[in-house]
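Read through the structure below, which is laid out as structure tokens, and then see the notes.
Lettering of chains follows the sequences in order, A, B, ..., and the numbering in each one begins at 1.
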Amino acid sequence: MAMTNSEIADLFNKMADMLEIKGENPFKVRAYRNAARTVQNLGKSLEELVAEGKDLTRLPGIGKDLSDAIHEIVETGKFSKLEALKKKLPEGLDELLSIEGLGPKRIRQLYDTFHITSMQELAKVAESGDIYKLKGFGPTLVEKILKGVRLAKKAGHRFRFDVAKPFAEELRRYLAGFDGVVKVEVAGSYRRRKETVGDLDILVVAENWDDVTDWFVKFEKVKEVVSKGPTRSTVILSNDLQVDLRSVARESYGSALHYFTGSKAHNIKIRKMAVERGWKINEYGIFEGEKRLGGESEEEIYRLMGLCYIAPELREDRGEVEACMAHRLPRLIERSDIRGDLHMHSKNTDGHATIEEMAEAAKKLGYDYIAVTDHSRHLTVAKGLDEKRLLEEMEAIDRLNEKLEGITVLKGIECDILEDGTMDLPDHILKRLDVVLAAVHYKFNLSKKEQTKRVVKALQNPHVDILAHPTGRVIGHRNPYELEMGDIFDVCKKEGKILELNAQPERLDLNDIYCKTAKEEGVKISIATDAHDPMSLAFMAYGINQARRGWLEKEDVINTLPLEKLRALLDR
DNA sequence: GCCGTTTTCGGCCCGACTGTTTTCAGTCG
């Protein structure tokens with residue numbers, strides 16, 4: 001049975017949950033969680049690493065035992081230590097951990113006393129009042145637990161970055177405009193530009209916290225005020241997005257910002273380094289004993305630690321601290337590096353604007369070129385182009401280019417990869433285009449072997465330049481199709497093919513981890529919007545966010561090149 | 001369960017808040 005890295009990480013996290021409820025050594029629990037994180041952050045599948053006979057104990061947080069466990073999981077699909085544990089403690093207990101106010105100790109109490117193993121059983125005992133027999137369970141806690149059970153369905157729901165963004169920006173303006181507010185910043189995963197955010201963490205420096213928090217809870221989109229305290233207030237917005245507002249002292253602003261930006265793993269890394277020096281870092285500052293060394297700005301914290309400033313997008317403990325110490329931190333790509341957009345559609349298929357309108361809009365963004373890449377015939381729902389219509393479009397683009405000034409339209413196609421890996425349009429026409437994207441749009445559920453073979457074959461076609469939205473995932477809606485990414489990187493490297501980072505906020509495909517792997521493997525990226533109207537050309541910003549999280553620099557991305565160099569690159 | 005320029009044992013990030021207690025355990029971020 002094939003196991004993906006995510007599934008293996010899930011098993012380790014589940015193991016950690018169960019061990020925690022069992023009351024095991026908390027550091028053992030942490031070891032499993034660390035291992036889960038390592039596995040999740042890996043750019044290559046463990047299945048492949050095992051097949052290649054790689055020494056897994058070289059991976060951070062993986063020792064002899066966990067290496068053996070990974071081998072077992074990959075080879076048999078089973079994790080015997082977890083199976084054994086499930087015999088002692090029923091499965092389902094770990095689910096209860098998702099309820100706010102319930103941790104391992106209380107779950108254990110509930111299980112030992114009432115044999116509770118599910119949300120329903122928990123609700124029953126709570127409603128009957130029997131739950132009060134347990135030490136430490138009072139009315140407020142029980143109310144919270146009941147609420148948690150009701151919310152459990154929604155638990156774990158994360159908001160796409162683009163969905164959270166307007167709320168974050170509006171709140172930032174709303175608070176910044178209030179008298180007495182000195183500084184406002186949205187921290188957390190939002191600041192790290194993660195593709196989804198769980199909630200918004202907003203920090204304020206203000207002279208009059210009480211007034212600020214009064215103003216905060218009056219924000220028009222607040223649906224519910226969860227708490228309102230002397231340092232922190234929490235509200236739920238109309239779309240169920242939770243927002244925490246925290247009061248920060250001016251001298252602690254940097255350390256608080258660093259702390260609340262995270263990630264947790266990055267923070268732990270930095271704190272450990274501080275401990276090695278006999279220092280301590282917390283959200284109030286950086287200290288040597290009682291003596292305060294600093295904390296007013298993030299730059300100061302990094303400087304005191306002997307590090308350069310690390311951009312929030314990199315703070316995931318994926319090697320950024322080590323890279324910084326080796327002076328090999330990337331100079332991350334910026335929106336202003338982008339010279340063109342190589343994936344978009346026109347009215348001729350499923351777009352909503354003419355090619356000329358798209359070109360004019362791109363010109364306003366400061367681009368030198370775009371590629372119009374309408375769909376090919378197989379995608380009938382999108383009115384995909386057959387050979388004849390594509391030739392017409394190509395001629396129309398030639399005529400348009402004679403008229404346009406300051407921008408060039410490249411002739412392209414987003415050509416379907418058929419089930420057998422051949423292209424939806426014949427070579428003789430693909431050959432005449434400036435840029436050919438290959439894309440999977442159906443048969444998502446082939447086996448990993450078949451799907452990989454299909455895509456590899458498409459990439460071996462000499463006329464194909466770029467693999468569009470390489471994994472096919474749609475955030476919160478559709479999982480990536482089964483693909484051995486190691487093979488995809490290999491063929492791209494060998495054939496000089498390019499992987500797209502599709503900037504649609506619900507795609508962001510490649511993801512950050514694969515972007516980083518691509519860079520390490522020497523595979524180039526095209527950041528492209530897949531825009532279907534002029535407005536959507538602005539999605540480039542989301543692509544840039546993801547690219548930065550994937551450590552990409554200007555040199556790694558082909559659409560930072562001037563037109564002539566891009567043409568030379570594509571004209572193999 | 002991992003890790004090691006103090007390396008095979010003994011550490012492992014840090015503090016606040018909450019609800020419950022009467023000095024603190026558990027949970028959370």
- Query: Is the shortest distance from a Lys or Arg side-chain nitrogen in A/Glu520 or A/Lys516 to a carboxylate oxygen in the other one below 4.0 Å?
  - Reply: yes
- Figure out the NZ/C1' separation between A/Lys264 and B/dG15, and round it to whole Å. 12 Å
- Mind checking the C1' distance from B/dT7 to B/dC12? Whole angstroms is fine. 15 Å
- Message: Between A/Lys223 and A/Asp240 (salt bridge meaning N to carboxylate O under 4.0 Å), is one present in this structure?
- Response: yes
- Message: Say we look at B/dT27 and B/dT21: how far apart would their P atoms be, to the nearest angstrom?
- Response: 15 Å
- Item | Side chain of A/Ala31 (C-beta onward), nearest among B/dG15, B/dT27, B/dC2 | B/dC2
- Rounded P spacing from B/dG1 to B/dT5 in Å: 23 Å
- Message: Between A/Lys28 and B/dC12, is there a contact of a side-chain N or O with OP1 or OP2 at under 4.0 Å?
- Response: no
- Look at all strands and tell whether A/Leu102 reaches a base, only sugar-phosphate, or nothing, counting heavy atoms closer than 4.0 Å. sugar-phosphate
- Query: Taking NZ from A/Lys64 and C1' from B/dC2, how many angstroms apart are they, rounded to a whole number?
  - Reply: 14 Å
- Query: A/Asn267 near the nucleic acid: base, sugar-phosphate alone, or nothing, with a heavy-atom cut-off under 4.0 Å?
  - Reply: nothing
- Query: Which whole number of Å gives the distance between the C1' atom of B/dC17 and that of B/dT23?
  - Reply: 16 Å
- Report the nucleotide, chosen from B/dG19, B/dG1, B/dC12, that has the shortest atom-to-atom distance to any side-chain atom of A/Lys81. B/dG1
- Using whole Å, report how far CD1 of A/Ile286 lies from P of B/dC14. 12 Å
- Message: Using whole Å, what does the distance between atom C1' of nucleotide B/dC12 and atom CZ of A/Arg271 come to?
- Response: 14 Å
- Query: Is it the case that more than 12 heavy atoms not belonging to A/Lys228 sit under 6.0 Å from its NZ atom?
  - Reply: yes
- So what does A/Pro26 touch, heavy atoms closer than 4.0 Å: a base, only the sugar-phosphate, or nothing? nothing
- Across the strands shown, which category fits A/Lys144 at heavy-atom distances under 4.0 angstrom: base, sugar-phosphate, nothing? nothing
- With rounding to whole Å, what would you report as the distance between B/dT22 and B/dC28 at their P atoms? 23 Å
- Take atom C1' in B/dG11 and the same atom in B/dT18, then report the distance between them in whole Å. 30 Å
- Message: Taking 4.0 Å as the cut-off, does a side-chain nitrogen or oxygen of A/Thr140 come that near to OP1 or OP2 on B/dT18?
- Response: no
- Mind checking A/Lys269 for me? I need base, sugar-phosphate or nothing, with any heavy atom below 4.0 Å counting as a touch. nothing
- Item | Pairwise C1' distance, B/dG15 and B/dG10 [rounded to whole Å] | 24 Å
- Task: Return the value, rounded to whole Å, for the distance between atom OH of A/Tyr259 and atom P of B/dC17.
- Result: 11 Å
- Task: Please state whether the phosphate of B/dA16, meaning OP1 or OP2, lies under 4.0 angstrom from any side-chain nitrogen or oxygen of A/Tyr284.
- Result: yes
- The nucleotide from B/dA16, B/dC2, B/dC12 with an atom nearest the side chain of A/Asp65 is B/dC2
- Message: So that I can tick it off, tell me whether A/Arg193 and A/Glu313 are bridged by a salt bridge, with the cut-off set at under 4.0 angstrom between side-chain N and carboxylate O.
- Response: no
- Message: Categorize A/Phe260 for me: base, sugar-phosphate, or nothing, with a 4.0 angstrom heavy-atom threshold over every strand shown.
- Response: nothing
- Note on the structure: note: A/Arg246, atom CZ; B/dG15, atom C1'; distance rounded to Å ~ 12 Å
- Reckon A/Val275 touches a base, only the sugar-phosphate, or nothing at all at heavy-atom distances under 4.0 Å? sugar-phosphate
- Query: Is the Lys NZ or Arg CZ of A/Lys165 less than 6.0 Å from the centre of A/Tyr190's six-membered ring, within 45° of the axis?
  - Reply: no
- Message: What is the distance, to the nearest angstrom, from the CD1 atom on A/Ile21 to the P atom on B/dT27?
- Response: 10 Å
- Query: Counting only heavy atoms not in A/Asp55, do more than 12 fall under 6.0 Å of its CG?
  - Reply: yes
